[in-house]
Amino acid sequence: YASLEEIAGEYLRELVDRNLVMVADRRSNDEIKTCRVHDTLRHFCKKKAIEENLFQEIKLDELIGPSASTSLKNSRRLCVSAYLSDYISRTPSAPCVRSLLSLAKDESALSKEDCALIAKPFKLLKVLDVKSSKIVGRCPAELAKLVLLKYIAINCDLKTLPKKMSSLLNLQTIIIDTTSSSLDIQLDLWKMTQLRHLHANASTTLPKCQEQTIMVNLQTLSTISPESCTTDVFKRTPKLKKLGIRGNIGLLVQPSRESSLSDGLLQLELLEKLKLHNDDVTCKLQALPFEHKFPAKLTRLSLKRTSLD
């Protein structure tokens, strides 16, 4: 049984083998990290995408003047290269759009009110990537109405991911860049059985769960707080391949190299990547756990600000 990520990787490697895609950079395990296409192929792809109505791009000059079109009746994928707030404020009509990407070159602010407006014209959204526009203030309740969402990526100053977002049960990927040093997840994460990847740049505290739910699809947890690194959490996530831990890492490993983390890690038989990011420079990591306390398939161990000798 191949996962969705493995199938996608096979498709990408096939394109590379046919010289349609060029590898720009590889990871330490020789996997493709970044790639590019030739200008000629890019122009051809854009032409075919327009012909087949694969996506539509909204540029800055298209937002200026009375002739600017706000109707996207047949478009399914929309890329906004202009400031998203300028576009959303024009209340576009986009009943068929499934993917909304914001790719403004310079980070712009997206007010809570403008962010709330996304749910009105884009009711059928499955992909929402607005990382290039920073959401100011709390996460608007209206986003919880986008119940078909499978992928969400936001840039914000949130300290909590509210419980009202629990309605997004179809989510497979959650990406959150926040200016806060910590993130408290209050939504019912353990009921999101479709979830595959949770990425956050802050030290994330996971919610407690009363039910014995097994997250068979979850492959990424990064970065969670040391307090969330419990045996119970790892029992619920047996398919984890990537784990990031951020916070007071010194609390996880004793000077004797005994660790409260070790028993949990050994349950993660598929874990390939582990990152330890220490935020408390006054509490250094005295030592790493014993070698036999790491999962056998671990291929990459990243350490940041641990102050190890």
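Treat the numbers as computed from the prediction; the structure is a model and nothing was measured.
For the pairing with Leu308, the side-chain contact (heavy atoms from CB on, under 4.5 Å) check across Asn278, Leu276, Ile249, Leu285 returns one residue only, Leu285.
Proximity of a side-chain donor or acceptor of Asp25 to a complementary backbone N or O of Thr34 within less than 3.5 Å is not detected. The main-chain N or O of Val233 is found under 3.5 Å from a side-chain atom of Thr230 such that the two form a donor-acceptor pair. Under the 3.5 Å distance criterion, the side-chain polar atoms of Lys145 are left unmatched by any main-chain donor or acceptor of Ala119. A donor-acceptor pair is defined here as one N or O able to donate and one able to accept, closer than 3.5 Å; such a pair exists between the side chain of Ser111 and the backbone of Asp114. Put simply, the side chain of Arg77 never gets that close to the backbone of Ser75: no donor and acceptor are under 3.5 Å apart. Remark: the backbone N or O of Glu6 is paired with a side-chain donor or acceptor of Ser3 at under 3.5 angstrom. Side chain of Thr178 to main chain of Leu158: a donor-acceptor pair is present (N/O by atom type, distance under 3.5 Å, no hydrogens or angles). Between the side chain of Ser102 and the backbone N or O of Ser132, no donor-acceptor pair lies under 3.5 Å. Using a distance-only test at 3.5 Å, with no hydrogens or angles considered, no donor-acceptor pair links the side chain of Trp190 to the main chain of Arg236. Under a 3.5 Å cut-off, the side chain of Thr237 and the backbone N or O of Leu218 do not form any donor-acceptor pair.
For the pair Leu243/Ile245, a side-chain contact is recorded, criterion being any heavy-atom separation below 4.5 Å from C-beta on. When side chains are defined from C-beta on, Leu20 does not count as touching Val37, because their heavy atoms never get closer than 4.5 Å.
Side-chain atoms of Glu272 and Thr299 include no donor-acceptor pair closer than 3.5 Å.
Salt bridge annotation for Asp177-Lys134: absent, with no cationic side-chain nitrogen under 4.0 angstrom from a carboxylate oxygen.
Sorted by first and then second residue, the side chain to side chain donor-acceptor pair (under 3.5 Å) pairs with a member in residues 157-175 read Lys163-Asp188; sequence neighbours excluded. Every pair passing side chain to side chain donor-acceptor pair (under 3.5 Å) that includes a residue from residues 196-207 is listed here, sequence neighbours excluded: Glu5-Arg196, Glu5-His197, His197-Thr220.
Across all their heavy atoms, Tyr151 and Leu171 have their closest contact at N-CD2, 3.9 Å.
In this structure, the ring-ring contact (aromatic ring centres under 6.0 Å, His included) partners of Phe290, at least two apart in sequence or on a different chain, are His292.
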